[in-house]
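Here is the structure we will look at.
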Amino acid sequence: MTWSNDKLAALRKTFDAATGGDLQSPNFQRIADKIFSEGGRRPAPYAGMPTLLDAPHRAVVEGTDFSDLDVALYGVPMDLGVTNRNGSRFGPRALRGIERVGPYNDALDCAPLHEMAVADIGDVPMQSRFDLTQSHADIEKFVANIVAQGVIPMAVGGDHSISHAILRAVGANGPVGMIHIDAHCDTAGSYEGEKFHHGGPFRNAVLEGVLDPERTIQIGIRGAAKYIWEFSEMSGMTVIEASSISEASIPDIIRQARAVIGDGPTYFSFDIDSLDPAFAPGTGTPEVGGLTTREAMALIRGMKGANLVGGDVVEVAPAYDPTTNTAQNGAQMFFEILSLMQFSPFRKPK
């Protein structure tokens, strides 16, 4: 059947006066109804106060009730635990400056910022910019307040040592499992008298009883530091090296990850250096041979329905990437993990 004036007339009748918010698919109209206002208007992505994923801002101080939220987004601008290049303290600010991520997740068919109660509640208030131990205590206290209100915490770091402090709060009533996408296992021991650095948060979390190693999978691991990560496998963690990841293997890795974490409460930690430096040079410990953004997104999206109780994206150090691609990709991965929260059995819709 060839193109005809009748076809053109039918298209004109349907679409000529339609706005960007008028769609023919009922499923897509469901999303448009939440995003567009009358006349096909929607907020300009470059306008207003920058927040994580353009979420509404909610000022939170001690004693504030924000139990109406499903998910609380927050920043952790702290990089006192780095072993190489610093600068991830600027990660939260960099991700807040990224526009046009979402609002619709095409793979998971959801608009998490419009179908859940989500807010950016600001940054963890640090009592000292010089004291690593005090900073971790401040993080734990801040996250414990989120957890106590029945809200799912999602952080932007900051260096990876913040995840240990978060797990102390999330796993306070029993160890959680973990999906960990990273270039490094981060299960090393003490360096120069300090064990709470960004290279060892998950050894510390296991030894403190807040992380279940047998329900932990680490994906994307690579690099010359492999010899210091024996704790991962000896404790029972499942380690998937980057060299074994291909487009064909991703479905198998997803199935393996789902089997490892089971149905129990699970934390999701994403280190931006899991991506190859071609996609994310702005980080403290870049490692060549990493994931592509497409591979990382496929892995994350494959965890739909997992019983997630919190998550983070860490180690974005924007000063090492003048293109802002690292922050852009960090914000996208943060959005993907937030999308998963919409389908977590742990979430009780508010």
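The figures here come from the full heavy-atom set of this structure, side chains too, leaving out hydrogens, waters and symmetry mates.
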Could you check if a side-chain atom of [X] sits within less than 4.5 angstrom of a side-chain atom of [Y], using non-hydrogen atoms only?
| X | Y | answer |
| --- | --- | --- |
| L108 | L340 | yes |
| D106 | R301 | yes |
| V239 | K226 | no |
| D276 | T292 | no |
| I139 | M126 | yes |
| I181 | L291 | yes |
| T326 | P281 | yes |
| M178 | S269 | yes |

Counting only heavy atoms not in [X], do more than 12 sit closer than 6.0 Å to its [atom1] atom?
| X | atom1 | answer |
| --- | --- | --- |
| Q24 | CD | yes |
| N5 | CG | no |
| F90 | CZ | no |
| E214 | CD | no |
| D252 | CG | yes |
| E230 | CD | no |

Which distance, rounded to the nearest 0.5 Å, do you find between the [atom1] of [X] and the [atom2] of [Y]?
| X | Y | atom1 | atom2 | answer |
| --- | --- | --- | --- | --- |
| I261 | D212 | CD1 | CG | 12.0 Å |
| N86 | H198 | CG | NE2 | 10.5 Å |
| D312 | Y267 | CG | OH | 3.5 Å |
| M341 | F268 | CE | CZ | 8.5 Å |
| H136 | D131 | NE2 | CG | 10.0 Å |
| L23 | D33 | CG | CG | 8.5 Å |

Look at the side chain of [X] and the backbone N and O of [Y], then say whether any donor-acceptor pair between them is shorter than 3.5 Å.
| X | Y | value |
| --- | --- | --- |
| K348 | F346 | yes |
| R203 | A188 | yes |
| T283 | P286 | no |
| R258 | G302 | yes |
| N204 | K195 | yes |
| R168 | A137 | no |
| R222 | E287 | yes |
| D120 | L52 | yes |
| Q328 | T324 | no |
| R96 | P50 | no |

Hey, mind stepping through I254 and L299 against side chain to side chain contact (heavy atoms under 4.5 Å, CB included) and telling me if it holds? CA-CA 6 Å; I254 291 170; L299 288 167; 4.3 Å; yes

How close do [X] and [Y] get, heavy atom to heavy atom, and via which atoms?
| X | Y | value |
| --- | --- | --- |
| I253 | I245 | CD1-CG1, 3.6 Å |
| G158 | V314 | O-CB, 3.6 Å |
| V210 | G171 | CG1-O, 3.7 Å |
| F335 | G102 | CZ-CA, 3.6 Å |
| A59 | T64 | O-CG2, 4.1 Å |
| G284 | A317 | N-CB, 4.5 Å |

Would D109 and R30 pass as an ion pair if we require N to O under 4.0 Å?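 Salt bridge flag = yes for R30 with D109.
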
Quick one: do K141 and D138 make a salt bridge, cutoff under 4.0 Å?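 No salt bridge links K141 with D138.
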
Could you walk me through whether D65 and S67 pass side chain to side chain donor-acceptor pair (under 3.5 Å), step by step? CA-CA 6 Å; D65 181 358; S67 60; 2.7 Å; yes

Given I146 and I121, is the side chain to side chain contact (heavy atoms under 4.5 Å, CB included) satisfied, shown in steps? CA-CA 10 Å; I146 298 173; I121 65 170; 3.8 Å; yes

Do [X] and [Y] have a side chain donor and acceptor closer than 3.5 Å?
| X | Y | answer |
| --- | --- | --- |
| N84 | T285 | no |
| D6 | S4 | no |
| D271 | S274 | no |
| N105 | E336 | yes |
| D159 | S161 | yes |
| Q218 | S232 | yes |

Output, in order, the C-alpha distance, side-chain angles, deciding distance and verdict of side chain to side chain contact (heavy atoms under 4.5 Å, CB included) for T238 and Q256. CA-CA 9 Å; T238 301; Q256 187 175 7; 3.5 Å; yes

In this structure, would [X] and [Y] fall into the same cluster of hydrophobic residues linked by side-chain contacts under 4.5 Å?
| X | Y | result |
| --- | --- | --- |
| M237 | L167 | yes |
| Y104 | M333 | no |
| Y191 | I162 | no |
| I217 | F270 | yes |
| I219 | V288 | no |

Which of these, R129, R85, R89, sits in a salt bridge (Lys or Arg N to Asp or Glu O under 4.0 Å) with D79?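 For D79, the salt bridge (Lys or Arg N to Asp or Glu O under 4.0 Å) test succeeds with only one of R129, R85, R89, which is R89.
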
Any chance you could lay out the side chain to side chain donor-acceptor pair (under 3.5 Å) test for T266 and N307, step after step, and finish with the verdict? CA-CA 6 Å; T266 302; N307 192 15; over 6 Å; no

CA sep, side-chain torsions, deciding dist, call: L69, Q149, side chain to side chain contact (heavy atoms under 4.5 Å, CB included): CA-CA 9 Å; L69 295 180; Q149 301 210 33; over 6 Å; no

Does anything in residues 150-183 pair up under ring-ring contact (aromatic ring centres under 6.0 Å, His included), and if so which pairs, sequence neighbours excluded?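 For residues 150-183: H160-H180, H160-F202, H164-F196, H180-F202.
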
